[in-house]
Amino acid sequence: MNQINLAPHYPTPTLKRRLVCMMIYEAALVFGVIFFAGFIFDVSTQSKSALTMRLAREIFLFFIIGSYFVFFWHRSGQTLAMQTWRIKLVNDNDQRVPLIKAIVRYCLAWMWFLPGFIISYQLGLKNSQIIIPVTIGFCVWAATALFVKDGQFLHDKLAKTRLVEVPKPNEQK
């Protein structure tokens with residue numbers, strides 16, 4: 001049997017499992033992607049300061065990070081961290097995620113941070129003060145999984161995707 005066709009039988013990973021996967025493993029991998037992409041940006045623009053061409057750098061990193069996630073979600077449904085934690089992203093019909101849905105999910109996933117950044121901007125917060133509204137926004141977005149019947153995050157519901165737990169190789173039939 002094809003593993004993709006078994007997805008409806010797979011449970012939703014626990015909230016704790018998804019958050020640990022995202023906040024530890026995925027964050028470390030994305031840090032490496034950002035570090036390498038930032039280096040490429042600095043070398044190609046001959047930038048000597050992170051404040052030089054700040055908006056261009058942020059746009060560049062937005063697309064690089066997006067490319068990382070969209071590529072893996074569309075190709076196999078799993079980033080490297082998701083493979084480690086046996087979590088897979090599937091379409092609402094339990095098939096491979098189409099490219100457009102992967103892009104939509106990436107954009108919607110910014111809702112983890114965007115409200116906190118907007119509030120920080122509106123309140124004129126600087127440096128470490130930004131952590132408080134971003135953390136609150138992050139926790140509120142994570143809590144959306146508690147109010148949805150199948151425990152999916154709100155951005156997955158809106159993108160019509162879902163995360164499933166893939167069994168260990170020896171558990172597959």
CA sep, side-chain torsions, deciding dist, call: Gln152, Leu163, side-chain contact (heavy atoms from CB on, under 4.5 Å) | CA-CA 7 Å; Gln152 297 294 327; Leu163 293 171; 3.8 Å; yes
Considering residues at least two apart in sequence or located in another chain, which fulfil the ring pair (Phe, Tyr, Trp, His ring centres under 6.0 Å) criterion with Phe62?
->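 Partners of Phe62 by the ring pair (Phe, Tyr, Trp, His ring centres under 6.0 Å) criterion, ordered by chain and then number, come out as Tyr106, Trp110.
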Decide yes or no on side-chain contact (heavy atoms from CB on, under 4.5 Å) for Trp141 and Phe113, but give the supporting numbers first.
-> CA-CA 9 Å; Trp141 195 262; Phe113 307 103; over 6 Å; no
Could you tell me the separation between the [atom1] atom of [X] and the [atom2] atom of [Y], rounded to the nearest 0.5 Å?
X: Asn93; Y: Thr161; atom1: CG; atom2: OG1; result: 11.5 Å
X: Leu123; Y: Ile118; atom1: CG; atom2: CD1; result: 12.0 Å
X: Phe39; Y: Phe35; atom1: CZ; atom2: CZ; result: 8.0 Å
X: Leu19; Y: Cys139; atom1: CG; atom2: SG; result: 9.0 Å

Within a radius of less than 6.0 Å around CD of Gln46, do more than 12 heavy atoms belonging to other residues, nucleotides or ligands occur?
-> no
Might you confirm whether atom CZ of Phe41 has over 12 heavy atoms from other residues, nucleotides or ligands at distances under 6.0 Å?
-> yes
In the structure I gave you, are the side-chain heavy atoms of [X] and [Y] within less than 4.5 Å of one another anywhere?
X: Asn91; Y: Arg96; value: no
X: Trp112; Y: His155; value: yes
X: Asp92; Y: Arg162; value: no

Transitive ILVMFWY side-chain link [X] to [Y], under 4.5 Å:
X: Phe63; Y: Trp73; result: yes
X: Ile34; Y: Ile59; result: yes
X: Val70; Y: Leu158; result: yes
X: Val20; Y: Leu146; result: yes
X: Leu89; Y: Val164; result: no

Listed by chain and number, what are the side chain to side chain contact (heavy atoms under 4.5 Å, CB included) partners of Gln83, not counting sequence neighbours?
-> Ser76, Gln78, Leu80
Write down the atom of [X], the atom of [Y], and the distance for their closest heavy-atom approach.
X: Ala37; Y: Phe60; value: O-CE2, 3.3 Å
X: Val104; Y: Ala159; value: CG1-CB, 4.2 Å
X: Leu99; Y: His74; value: N-ND1, 3.2 Å
X: Leu29; Y: Ala81; value: CD1-N, 3.6 Å
X: Val90; Y: Val97; value: C-CG2, 3.7 Å
X: Ala142; Y: Leu15; value: O-CD1, 4.0 Å

Out of Lys88, Met22, Glu26, which residue meets the side chain to side chain contact (heavy atoms under 4.5 Å, CB included) rule with Met82?
-> Glu26
Could you walk me through whether Arg57 and Asp42 pass the side-chain contact (heavy atoms from CB on, under 4.5 Å) check?
-> CA-CA 9 Å; Arg57 177 187 315 276; Asp42 287 342; 2.7 Å; yes
Using a strict 4.0 Å threshold on nitrogen-to-oxygen distance, state whether Asp156 and Arg105 make a salt bridge.
-> yes
State whether the side chain of Arg17 and the backbone N or O of Trp85 hold a donor-acceptor pair below 3.5 Å, judged by distance alone.
->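 Confirmed, Arg17 side chain pairs with Trp85 backbone.
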Please answer whether the main-chain N or O of Asp150 pairs with a side-chain N or O of Thr12 as donor and acceptor at a distance below 3.5 Å.
->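 Yes, the answer is positive, given that a donor and an acceptor are paired below the 3.5 Å cut-off.
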Taking the six-membered ring for Trp and the single ring otherwise, decide whether the centroids of Tyr68 and Phe72 are under 6.0 Å apart.
->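 Ring centres of Phe72 and Tyr68 closer than 6.0 Å.
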Using the side-chain contact (heavy atoms from CB on, under 4.5 Å) rule, take Phe153 and Arg18 through it: C-alpha gap first, then chi angles, then the decisive distance, then the call.
-> CA-CA 10 Å; Phe153 292 119; Arg18 289 179 285 164; 3.7 Å; yes
List the atom pairs, with distances to 0.1 Å, where a side-chain N or O of residues 126-138 and a protein N or O form a donor-acceptor pair under 3.5 Å, not counting sequence neighbours.
residue : atom : partner : partner atom : Å
Gln129  : OE1  : Lys126  : N            : 3.0
Thr135  : OG1  : Ile131  : O            : 2.7

